[in-house]
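Remarks on the structure that follows.
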Amino acid sequence: MLNRIERALVACNRWLLIVLLLAMACIVFANVVLRYTTGDSIVWAEEVARHMMIWVTFLGAGLVLRFGGHVAIDNLHRSVGTRKAQWLRRLVVLGVGLFCAVMAVASSQYVWATRFQTTAATDIPISFVYAAMPVGFVLMLVHLLFIARGYVADGSFAKSDEMDADAAASI
């Protein structure tokens, strides 16, 4: 049951990123074409593309974490014995988990504080844009919890036929 939930989460996360990146690319492409062919551009295109990039960044951070694509210094836990390495990795998981939880709470407060501000071109609440932060940190925490056991045990990350650490880092 938990494996199905995990696979569904990864699939939904991945497809949401694909759709957002595709929409962002289409908006930017259309804006550039219109600017050079007609001399006019879409008023809201740059703002919406920027907001989509923010959402892509925070939604993609969890997948990158899951597949080991974030910058890491792993020399220390590779140079010590198995038991010490496992304790170091437990400490890393605890630190990252605590960071994600604190940032989710802090960014939620920030979203709440900006709920009455609106964006310039589209006039949507800026809190919708900033909501990417708590959503992204909660997603990172969930992805961390799914991979924590394997990471602590032997330093491994999630495996995928479609993605590896280098591919995850390039998302």
Side-chain angles (χ1 to χ4, degrees), residues 1-25 27-28 48-114 126-171:
M1 175 70 173
L2 199 56
N3 285 337
R4 279 197 313 217
I5 293 171
E6 183 178 5
R7 282 194 308 270
L9 173 72
V10 170
C12 287
N13 198 174
R14 185 178 289 160
W15 279 105
L16 185 58
L17 287 171
I18 290 168
V19 168
L20 281 173
L21 282 169
L22 181 64
M24 187 175 60
I27 289 169
V28 170
V48 170
R50 184 176 350 115
H51 297 162
M52 287 178 155
M53 180 61 78
I54 293 168
W55 273 95
V56 164
T57 300
F58 281 99
L59 292 178
L63 279 179
V64 173
L65 174 73
R66 165 182 212 79
F67 295 111
H70 285 292
V71 174
I73 301 171
D74 56 2
N75 292 345
L76 181 59
H77 80 88
R78 292 185 191 275
S79 65
V80 297
T82 304
R83 300 286 290 163
K84 286 183 181 177
Q86 287 176 337
W87 278 104
L88 285 171
R89 289 191 292 264
R90 278 187 187 102
L91 188 62
V92 167
V93 167
L94 184 64
V96 171
L98 185 62
F99 174 77
C100 289
V102 167
M103 289 304 294
V105 170
S107 60
S108 295
Q109 293 169 346
Y110 192 69
V111 169
W112 181 255
T114 60
I126 198 98
S127 59
F128 288 168
V129 178
Y130 291 157
M133 292 184 295
V135 170
F137 283 116
V138 167
L139 259 175
M140 276 182 63
L141 185 58
V142 169
H143 283 294
L144 177 68
L145 293 175
F146 278 127
I147 66 159
R149 181 178 289 168
Y151 177 71
V152 169
D154 57 8
S156 65
F157 291 95
K159 302 289 184 220
S160 173
D161 296 334
E162 302 163 352
M163 192 173 297
D164 62 1
D166 294 330
S170 67
I171 289 182

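Each residue takes its place number in the sequence, starting with 1. What you see below is based on every heavy atom in this structure, not just the backbone, and it leaves out hydrogens, waters and symmetry mates.
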Review point. Which atom pair, heavy atoms only, marks the closest approach of A148 to V93?
Key: CB-CG1, 3.9 Å

Check your understanding: When you measure from the side chain of R89 to the backbone N and O of Y151, does any donor-acceptor pair fall under 3.5 Å?
Key -> yes

Review point. Does some side-chain heavy atom of V92 sit less than 4.5 Å from a side-chain heavy atom of V96?
Key: yes

**Study point:** Derivation and outcome, side-chain contact (heavy atoms from CB on, under 4.5 Å), residues N3 and E6
**Key:** CA-CA 5 Å; N3 285 337; E6 183 178 5; 3.9 Å; yes

Review point. Does a side-chain heavy-atom distance below 4.5 Å link W55 with L16?
Key: no

Check your understanding: NZ/K159 to CD1/I147 distance, rounded to the nearest 0.5 angstrom?
Key -> 10.5 Å

Practice item. Fit a plane to each ring of F99 and F137, take the angle between them on a 0 to 90° scale, and name the class: parallel (under 30°), tilted (30 to 60°) or perpendicular (over 60°). Key: perpendicular

Exercise for review: Supply the atom-to-atom distance L22 CG to L17 CG, rounded to the nearest 0.5 angstrom.
Suggested key: 12.5 Å

Review point. Do W87 and K84 come close enough that some side-chain heavy atom pair is under 4.5 Å?
Key: no

Exercise for review: Taking all heavy atoms of P134 and all of S108, pick out the closest pair and write down the distance.
Suggested key: CB-OG, 3.4 Å

**Study point:** Residue F157 excluded, over 12 heavy atoms near CZ under 6.0 Å
**Key:** yes

Revision key, fill the gap. Between A49 and M24 the two heavy atoms that sit nearest each other are O-SD, 3.4 Å

Practice item. Mind checking the CE-CG spacing from M140 to L145? Nearest 0.5 Å is all I need. Key: 11.5 Å

Practice item. Measure the shortest side-chain to side-chain distance between I27 and M52 over non-hydrogen atoms and say whether it is less than 4.5 angstrom. Key: yes

**Study point:** Option from F58, Y110, W112 for which side-chain contact (heavy atoms from CB on, under 4.5 Å) with Y130 holds
**Key:** Y110

Check your understanding: Would a 4.5 Å heavy-atom cut-off, applied to side chains only, mark L139 and L63 as touching?
Key -> no

Review point. Between the side chain of H143 and the main-chain N/O of F67, is any donor-acceptor distance below 3.5 Å?
Key: no

Revision key, fill the gap. The reported gap from CD1 in I54 to CG in L20 (rounded to nearest 0.5 angstrom) is 12.0 Å

Exercise for review: Determine the minimum heavy-atom distance between V64 and H70, stating which atoms define it.
Suggested key: CG1-N, 3.6 Å

Point to revise | Greater than 12 external heavy atoms within 6.0 Å of R149's CZ | key: no

Review point. Given side chains that start at C-beta, do those of L144 and C100 come closer than 4.5 Å, heavy atoms only?
Key: no

Review point. Is the count of non-hydrogen atoms from other residues, nucleotides or ligands lying under 6.0 Å from M103 atom CE greater than 12?
Key: yes

Review point. Are any non-hydrogen side-chain atoms of F146 and V10 less than 4.5 angstrom apart?
Key: no

